[in-house]
Amino acid sequence: MSKIHIVSNRLPFSINRKEEDYSLKPSVGGLATGMKSIYKEYDGNWIGWPGLALDDLKADEVTKIEALLHKEKCVPVHLTNEEINLYYDGFSNNTIWPLFHYFTQYVDHSADYWEAYQLVNQKFADRAIEMAEDGDTIWVHDYQLLLVPEMIKSKRPGITVGFFLHIPFPSYEVFRVLPWRMELIKGMLGADLLGFHIYDYERHFFSCVRRLFGYEISFNQVHTEDRIVVADAFPMGIDYDKFHEASASIMQKPVQERSDLHRELEKYFLVSPERQLILSIDRLDYTKGIPHRLRAFRRFMQDYPEYRNKVTLIMLAVPSRGEVDQYQMLKKEVDELVGAINGEFGNINYTPVWYFYRSLPFENLVELYNSCDVALITPVRDGMNLVAKEYVASRTSHSGVIILSEMAGVAKEMGEAIIINPNNEEEIAESLKRALSMHICEQRERMIHLQDRIKRYNVFKWAREFVDALDRVKKVQSDLLAKKISDSIQQGMRKQYDKAKRRAIFLDYDGTLTHFHKNPQAAVPDQEVKDILKKLIADERNLVTIISGRDRATLEKWFDDMPINLICEHGVWLKKYDHDWEMLTAVKNDWMPFILPVLESFVDRTPGSFIERKNYSLVWHYRKAETELSEIRAKEIKEELTGLVGNLNLEIMEGSKVIEVKNGGINKGIAALQFIKNNGFDFIMAIGDDWTDEYMFRELPKSAVTIKVGIKNTSAEYNLESVNAVRRFLASFADE
Ligand code: GDG
């Protein structure tokens with residue numbers, strides 16, 4: 001069975017040092033829980049940093065720690081203090097974290113950080129590669145390791161790579177700010193499957209891929225030069241039963257066995273039956289909107305004085321990244337706000353905000369979830385937010401209300417929560433009032449729906465769905481690979497080729513023999529193409545034909561020094577070498593005055609697009625236009641033209657970033673068939689990249705060798721991944 005290995009910044013254990021003795025303490029976070037179920041079941045290893053700096057350890061200590069980790073199938077990536085400082089605190093937490101959470105003002109673009117990030121990512125990738133065999137899967141996690149997928153794939157294409165991003169992926173307008181934006185996307189595209197919490201992040205990612213690389217995206221597949229990469233949304237879940245059962249058992253404990261915190265909470269309610277608790281739990285991070293929450297609570301106290309003395313906000317802020325300036329400033333702001341609110345609304349018997357700046361044991365956490373009437377979760381940006389789900393799982397009584405920021409990924413799954421904008425204090429204050437006074441029946445109805453869903457799509461299901469999706473991606477890739485030209489297939493072709501006495505070779509030009517250019521007139525054949533063609537033509541058994549949608553003048557100018565045949569305008573014209581142009585099918589162009597104004601109106605509204613006028617067709621080019629706008633316009637133009645062309649016997653063809661209107665009944669397939677008719681060819685080959693070439697692939701006899709360029713669905717028998725691959729392939733025939 002092939003294995004699944006996990007790679008994440010931290011291993012799922014922390015190391016406890018007691019004098020000379022070491023032990024491992026399992027992490028309890030969501031990632032550790034979900035992934036443990038996977039890497040154990042699939043007999044893999046977990047590769048990550050163990051949490052101690054290498055410079056602080058002696059050689060024998062490293063050996064001891066490695067032995068302990070080895071028993072748990074954990075493989076350490078050791079990092080020095082400097083690496084942790086530059087790669088983790090630096091590029092991960094001071095560059096990517098603020099950028100991906102839309103805090104562009106906090107982004108530090110230090111080149112040192114970037115250097116270290118690349119080196120450390122390479123360390124993780126190398127360690128992962130050592131542990132995996134071809135056919136295995138490596139599942140990489142999160143923003144600290146964005147370059148790792150490509151680093152693995154480029155060295156070991158036989159390994160399947162999954163990647164999951166736990167934080168948001170920002171919109172292109174924000175992402176483009178980063179000097180190393182291309183490198184990060186390239187790193188991620190090394191994966192076979194990319195997972196995001198919600199569709200919005202996936203959509204932003206696609207938009208960056210399109211704009212930065214120009215790759216085609218169909219449904220959720222990115223077509224790179226040589227592979228298909230799939231992206232999808234997998235909203236991460238929690239270990240529902242663990243929270244639910246812990247909560248149920250805590251409530252069943254006799255009073256004397258309850259924790260101090262639990263007893264304090266109960267005492268609070270004993271004072272008056274009207275008392276209620278609001279809960280706030282997060283790492284102390286600027287993305288979590290903690291000051292916003294406090295200001296909204298102050299507003300609530302001001303606007304609804306009847307709740308004073310009756311409602312308390314319990315705020316648990318877990319210390320995080322305390323050495324970073326922004327986090328210190330945030331701590332100061334929160335301390336001051338808590339002080340101000342307690343000073344303004346508190347008295348001897350009443351403290352409006354109970355503030356804990358520490359982390360609590362799991363049991364206390366569940367007691368808080370269980371005891372608080374309202375969960376107030378107001379991040380300004382949050383990839384998912386598991387606290388919301390944990391609160392739901394712990395509500396064994398089915399009561400409780402969640403007030404939830406629309407900026408958290410989890411809001412997409414929690415329609416039953418009260419959804420707010422974290423910047424709108426008035427709205428949050430009103431929502432608090434609504435939540436605290438919500439009828440118990442309504443609370444239960446909402447909570448039961450939430451529980452149903454969160455129980456079902458738990459962290460195990462989440463992990464399983466990702467692994468199943470990876471299997472499906474492998475299947476899509478292998479279907480496409482089935483058309484790949486292996487060495488033995490190429491040898492077979494070569495035999496047929498050598499035996500043949502008269503060969504017809506049809507070659508599309510743009511996207512097949514040469515790369516696309518923003519300006520089509522700049523795609524002049526380079527020396528390499530000319531050399532390959534000359535060698536092919538040198539064999540007098542070969543009749544080479546460039547078959548293209550281009551106009552006559554351009555092709556004639558580019559190839560006038562070669563004994564080559566030209567078919568242009570998708571099959572309207574043929575020029576045999578040493579002959580004049582002949583029209584293969586009688587066509588008209590008297591329809592052009594009707595269609596031209598339509599295309600012109602699109603040029604006016606789509607900056608960067610332009611019209612090419614051929615003798616018998618009109619082409620709207622949009623490669624130079626803004627990607628997303630032009631794709632919308634391309635759909636509109638097709639719709640508009642479809643309504644017009646019917647009576648005129650015209651056809652609308654969609655090529656690569658072009659829409660072409662031409663006479664019906666003409667295509668490359670018909671033209672190629674006419675060319676080979678009665679000519680006694682015993683070897684036919686056709687190579688092309690877009691769907692206008694599909695006519696050739698379909699019309700030519702079954703015995704023809706038909707080859708599609710790019711990893712796409714096709715009627716061609718074979719596939720070559722890129723222009724460069726076509727050149728290598730043709731060169732191998734031209735040699736000898
Ligand atoms: C990142 C993304 C995404 C909190 N205080 C204590 C404690 N916790 C636990 C909670 C919860 C976890 O920490 C926090 O998870 P979140 O999802 O809310 O937030 P991040 O740490 O920022 O996580 C986030 C997540 O990755 C998963 O993909 O949802 O958007 O930012 O599990 O229970 N646990 C204990 N004591 C505490 O005091 N024991």
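Scope of the values below: all heavy atoms of this structure, side chains included, with no hydrogens, waters or symmetry mates. In listed order, ligands and their atoms are each counted from 1. Fair warning: this is a prediction, and the values are worked out from it, not measured in the lab.
- Stacking of K242 on the aromatic ring of F362 is recorded, both the 6.0 Å distance cut-off and the 45° axial limit being met.
- The residues R321 and D285 are annotated as salt-bridged, a charged nitrogen and a carboxylate oxygen being separated by less than 4.0 angstrom.
- The only member of F234, Y457, F164 that meets ring pair (Phe, Tyr, Trp, His ring centres under 6.0 Å) when paired with W462 is F164.
- Between the N220 side chain and the A231 main chain, a donor and an acceptor come within less than 3.5 Å of each other.
- In summary, R263 and D260 engage in a salt bridge, as defined by a charged side-chain N under 4.0 Å from a carboxylate O.
- Listed as neighbours of ligand 1 are W97, H166, H197, M236, I281, R283, K288, L316, V318, S359, L360, F362, L365, Y369, D382, G383, M384, N385, L386, V387, E390, each bearing a heavy atom under 4.0 Å from the ligand.
- In this structure, K36 satisfies the cation-pi test against F13, with its NZ or CZ atom closer than 6.0 Å to the six-membered ring centre and inside 45 degrees of the ring normal.
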